[in-house]
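Indexing begins at 1, ligand by ligand and atom by atom, following the structure's order. This one's a predicted model, so the numbers in the text were calculated from it and none came from an experiment.
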Amino acid sequence: MADIQRVGVVGAGLMGSGIAEVHARAGIDVVVTEVSQPALDAGRARIEKSLQRGVRAGKLTEADAEAAVKRLTFTTDLSAFADRDLVVEAILEQEQAKVEVFRSLDKVVEREDAIFASNTSSIPIMKLGMATRRPAQVIGIHFFNPVPVLPLVELVPSLLTGEETIARAEAHATEVLGKTVIRSQDRAGFIVNALLVPYLLSAIRMIESGFASAVDIDRGMELGTAHPMGPLRLSDLIGLDTIKAIAESMYEEFKEPLYSPPPLLLRMVDAGLLGKKSGRGFYSYA
Ligand SMILES: CC(=O)CC(=O)SCCNC(=O)CCNC(=O)[C@H](O)C(C)(C)COP(=O)(O)OP(=O)(O)OC[C@H]1O[C@@H](n2cnc3c(N)ncnc32)[C@H](O)[C@@H]1OP(=O)(O)O
C-alpha cells in the first residue's frame, strides 16, 4: 500500500537481506541494521550478489539493480529507524533477542502508526507485541527463502493485532511486493513450518538411523514427488541452526515428539555445520 514508503529491516542475514532486497526492488527506501559492521558488510554483499543474479536471469535490468542499491542504507545504529513506516525484524530465531529488538523499536520509532513486523517462523507474535506499547501494530510477516524467488508470505496477527495493521500489512505484501498472502493463527510454526519442519526432521532421523543416504533421500523426494530440492539440501539452504531453533519452539509449544530436534541435528549445529551458509551441512559447498 502506498502509505508504507520507508521500511527498516533488522538483521541482514539470509532472510533479512532478502527482505531488504525485495523492498528496494519494489521502489521502497530501506534502512538495514546489523549488530556489527562485518555482519552489515556481509548482508550488503549478499544483496548485491542476488541483484546481479537477478540481472543475469533477466528478472531486472542493470539500471534497476543500481537503483535498488541506491535505495538501501546500511547502519549499525537502530535510531536510523525513527521515521520508518514499517520495520521488519529478521534476526536469529531467539525469543529473548527478538523481545529486546521490539522493546528498542518501540523506543526508537517515532511514527505513531508504524507497523512492527517479525519474520519469525515460530516465536509467538503475542510475546513480541507485549514487548511494545503498541501490540495492535505488531504482526508476523513471514517470508520464504530465497525471498526474491518464492512468492509466499504468511501473515500472522496476534490476538491483539488491529484490523488496520492486518489490512495495511496485507496490502503492502501483495500490492507493493507482489507476494501471495496466506493467513495463520499465532501458533509456533504457522502453516508452512508446521508441515515442513517435521518432514525435514524425519529425513534427518532417516540418516541418523542409517536408513538411507542423504543423496538417496533427496533424490527420492525430488524425482518421486517433484519437489524442487530434497529435504536435506533444503535443510542446508534454510540453515541447520534455524531449523533447530524452529523445532525447539514448536516442541516447546506443542510437546509433540515429532517436533523435537534429533541429536544429529544438535551435534551438527554444535560443530558449526550449519549448511550452505557455513560451507558444510549434509553437503559441502566449496
Ligand atoms: C524456514 C522458514 O521459516 C521458511 C523457509 O524459508 S522454508 C524454505 C522455503 N524454500 C524452499 O522450499 C526452496 C525450495 N527450492 C527451490 O524453490 C529451488 O530449488 C530454488 C529456487 C532455491 C532454486 O531453484 P533452481 O531452479 O535451482 O535455481 P534457479 O533456476 O537459479 O532459480 C529459479 C528461478 O528463480 C530466479 N532467480 C534466482 N535467483 C534470483 C534472484 N536473486 N532474483 C530474482 N530471480 C531469481 C531464476 O531466474 C529462476 O527463474 P525462472 O524459473 O523464471 O527461470
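Within the 4.0 Å heavy-atom shell around ligand 1 one finds H142. Look at Q52 and you'll find every heavy atom at least 4.0 Å from all atoms of ligand 1. Contact analysis puts L196 in contact with ligand 1, with a non-hydrogen atom separation below 4.0 angstrom.
Heavy-atom proximity to atom 1 (C) of ligand 1, evaluated over I238, L237, L51, is greatest for I238.
Of the protein's heavy atoms, none falls inside 4.0 Å of atom 23 (C) of ligand 1. Atom 10 (N) of ligand 1 is flagged as protein-proximal [any protein heavy atom, distance under 4.0 Å]. In this structure, atom 27 (O) of ligand 1 is not in close contact with the protein, since no protein heavy atom lies within 4.0 Å of it. Distance check on atom 52 (O) of ligand 1: every protein heavy atom falls at or beyond the 4.0 Å cut-off.
For ligand 1, the polar-atom distance check finds no N/O of T242 at less than 3.5 Å from any of the ligand's N/O atoms. By the 3.5 Å distance cut-off applied to N or O atoms, N145 is counted among the residues near ligand 1.
Evaluation of the side-chain hydrogen bond (donor to acceptor under 3.5 Å, both in side chains) test over residues 250-266, restricted to residues two or more places apart or in two chains, returns none.
By the side chain to side chain contact (heavy atoms under 4.5 Å, CB included) test, S209 pairs with F211, sequence neighbours left out.
Listed by number with element, the atoms of ligand 1 under 4.0 Å from a non-hydrogen atom of V149 are 21 (C), 35 (O), 37 (N), 38 (C), 39 (N), 40 (C), 46 (C). Residue A57 approaches ligand 1 through these ligand atoms, each under 4.0 Å from one of its heavy atoms: 48 (O).
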